[in-house]
Amino acid sequence: MILRKILISKILDQIKIAIIDDGKLIHYFLEYEDIQQSIRGNIYKASIDKNAKGMDASFIDIGLGRSAFLSKFNPFQKEMSKTSGTYQISKDNFLLVQAVSDYDPRKAPKVSDFVALPSKYCVIVSKPKFFGISKRIQCQKERKRFNSLKKLSNKDCGIILRTSSINKKIKDIKNDITSTKKRWREILNDFKKNNSQGMLHQEKSVLDNLVREFINDKTYIETDSRFVYNKLKKDLPRNIEIKLAIKNKEIFRKYNIDDEIKNIFFKKIKLKNGAFILVEEKEGLTVIDINSGSSLNNKKETLLNINKIAATEISRQIVLRNLHGLILIDFIDVKKPKEKKEIYKTLYESMRSDKSKHTILPMSKFGIIEITRQKRGSKISNIIGEKCLVCNGYGLVQNKISVCYEVLENVIKNNIKGKVSIKINSTIYQNMKDILNKHKNNSEIKKIKFKLIEDFEPIYDNRELYEII
């Protein structure tokens, strides 16, 4: 089993969580108390929005002041592949729905009439009398052991056992199902009683999700917050060790996590063998390129090994950065079918632990592997970053030389003659001096007497690099 270390830092109302498996950062979460950053997982009583018209589309009102798009999304389609029937819970002009995506500036959030309420060992679903077991539980002995739990599903709901129920006591799983069913009945009662659309259930906080999703038997937790310590101490199983760090000790810096988090913004990821990966993030597409770098200086290194090492690191970066949509990975010069299969297998196995639904296609004849990954929340770069006012999201700014020529163009094209004083930022001061010296005999420059005033103001955009005075 993986040795897992979880670090939790709290400052004022901000909570940061880093999950480290076998010494490598695999997840990073950031949340602010009392601010809901995502509606995904929330359950609503919704009404049909008569004012929202679309092309053969269903738009509904969930009480947030904006229409939502009703889809037939079902995250447990594989588990339910052998069953048929409707999952819809409705009354009069109202539906019980669950948010499956967040608001987006360009489109409405998606909701589904298939509703699932997850807990530690099970998921209660809006499919009456259904009983299913996660496809990831392949041990037939375990699957047979769970048959005694079938009777717990009823006319109001179905049950799916999660992968986390492997090797757990039947008694503990029963208790989890019972408490989750109780919450499910409360949601159904509220749906019947409420006279208008609105939220019936809010997805739990990041700390609650941590206990539900990321705790295994070999988990060690360290936090610098007494509040977090007391809350988790109450909710955690007894065998999980949690430690309260010494006051005023920055635990992220102690374990060098701060540097790794900052690297999330970097396109370039260096590998230990001298190769590197380039990650280009766009709205719905991410392109990842592998470069051999200095790795081939080692004569024993092979392109196959470089690609396999890169594939393992890429799988970690996809999860860590929470990349979603279409992901294209361009591997280095792969021609042999056997090598293509080997690289694909490495990537596939590395992605098996990913909780987001994803599909990995075999490598194409051009050496490219395509991955589609379900959107679960925002990319980390969007959560802890914002649009650059200088480069407008391109990641590049105008270079110093071209800025200098822009200044000279303003002077020359506007027929400014005689003495010209230019207040110029220190970062391009020397560049401007070099250009003027290089072209001192040019007729357009000779007729102007330049006076450069070195300015040490910080750079925010190109307008603050210079001022003609």
Side-chain angles (χ1 to χ4, degrees), residues 27-32 35-49 51-80 87-89 94-118 123-127 160 187 197-206 208-209 212-213 281-286 318-327 351 354-359 370-386:
H27 288 288
Y28 174 70
F29 302 103
L30 185 146
E31 191 173 271
Y32 296 89
I35 298 177
Q36 189 182 12
Q37 295 181 336
S38 171
I39 66 168
R40 190 178 179 277
N42 292 353
I43 298 173
Y44 298 90
K45 182 171 185 175
S47 64
I48 296 173
D49 189 350
N51 295 319
K53 297 179 181 180
M55 296 183 297
D56 299 322
S58 298
F59 287 92
I60 60 174
D61 185 355
I62 58 176
L64 296 180
R66 184 178 171 186
S67 296
F69 174 72
L70 180 63
S71 74
K72 294 297 178 182
F73 177 79
N74 178 353
F76 300 102
Q77 200 161 5
K78 289 183 179 179
E79 282 81 357
M80 296 182 164
Y87 315 123
Q88 198 176 80
I89 296 173
F94 293 98
L95 291 174
L96 187 70
V97 298
Q98 185 169 35
V100 295
S101 74
D102 286 318
Y103 280 108
D104 186 289
R106 302 167 304 157
K107 55 189 176 184
K110 282 184 184 179
V111 296
S112 172
D113 56 5
F114 176 84
V115 183
L117 185 65
V123 181
I124 300 300
V125 295
S126 56
K127 172 63 178 173
I160 296 176
I187 292 170
Q197 65 273 21
M199 186 169 64
L200 304 177
H201 168 80
Q202 183 171 337
E203 184 63 349
K204 292 183 177 181
S205 71
V206 67
D208 294 316
N209 284 339
R212 187 181 76 197
E213 303 287 346
E281 292 184 40
K282 299 300 178 184
E283 186 63 34
L285 171 70
T286 301
I318 287 172
V319 176
L320 177 59
R321 298 179 184 224
N322 197 22
L323 304 176
H324 49 250
L326 181 61
I327 303 167
M351 289 288 293
D354 182 19
K355 292 180 179 292
S356 292
K357 299 284 183 182
H358 61 268
T359 302
E370 295 179 40
I371 300 177
T372 54
R373 188 170 185 265
Q374 175 193 356
K375 183 177 181 180
R376 295 183 68 176
S378 300
K379 295 177 182 178
I380 294 298
S381 57
N382 291 340
I383 293 173
I384 59 177
E386 62 181 24

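Every heavy atom of this structure was used, including side-chain atoms; hydrogens, water molecules and symmetry mates were not. What you are looking at is a predicted structure, and each value in this text was computed from that prediction instead of being measured.
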Could you please spell out the steps behind the side chain to side chain contact (heavy atoms under 4.5 Å, CB included) verdict for Ile187 and Leu96? CA-CA 9 Å; Ile187 292 170; Leu96 187 70; 4.2 Å; yes

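- When side chains are defined from C-beta on, Ile160 counts as touching Val125, because their heavy atoms get closer than 4.5 Å.
- Atom CZ in Phe114 sits 10.0 Å away from atom CD1 in Ile89 (nearest 0.5 Å).
- Nearest heavy-atom pair, Tyr28 versus Ile380, reported as atom, atom and distance to 0.1 Å: O-CD1, 3.2 Å.
- If you take OH on Tyr44 and CG on Asp61, they are separated by 11.5 Å, rounding to the nearest 0.5 Å.
- Atoms CG and NZ, on Leu95 and Lys45 in that order, are 10.5 Å from each other to the nearest 0.5 Å.
- Lys110 contributes atom NZ, which lies 10.0 Å from atom NZ of Lys375 (distance to the nearest 0.5 angstrom).
- Applying the side chain to side chain contact (heavy atoms under 4.5 Å, CB included) rule to Glu281 yields the partners Val279, Thr286, Arg321, Leu323, Lys379, Ser381; only residues at least two apart in sequence or on another chain are considered.
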What do the steps show when you test Leu70 against Asp113 for side chain to side chain contact (heavy atoms under 4.5 Å, CB included), and what is the final call? CA-CA 7 Å; Leu70 180 63; Asp113 56 5; 4.3 Å; yes

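- Atom CG of residue Leu200 and atom CD of residue Gln98 lie 11.0 Å apart, to the nearest 0.5 angstrom.
- Just one of Asn42, Val115, Ile43, Ile60 meets the side-chain contact (heavy atoms from CB on, under 4.5 Å) condition when paired with Val97; it is Ile60.
- Between Ser67 and Pro109, the closest heavy-atom pair is O-CD, 3.7 Å.
- The line from CD of Gln197 to CD1 of Ile62 is 9.5 Å long, rounded to the nearest 0.5 Å.
- Proximity of a side-chain donor or acceptor of Ser356 to a complementary backbone N or O of Arg373 within less than 3.5 Å is not detected.
- The shortest side-chain heavy-atom distance between Ile39 and Met199 does not fall under the 4.5 Å cut-off.
- Taking the side chain to side chain contact (heavy atoms under 4.5 Å, CB included) definition, one finds that Gln374 meets it with Arg40, Phe73, Lys357, Arg376, sequence neighbours left out.
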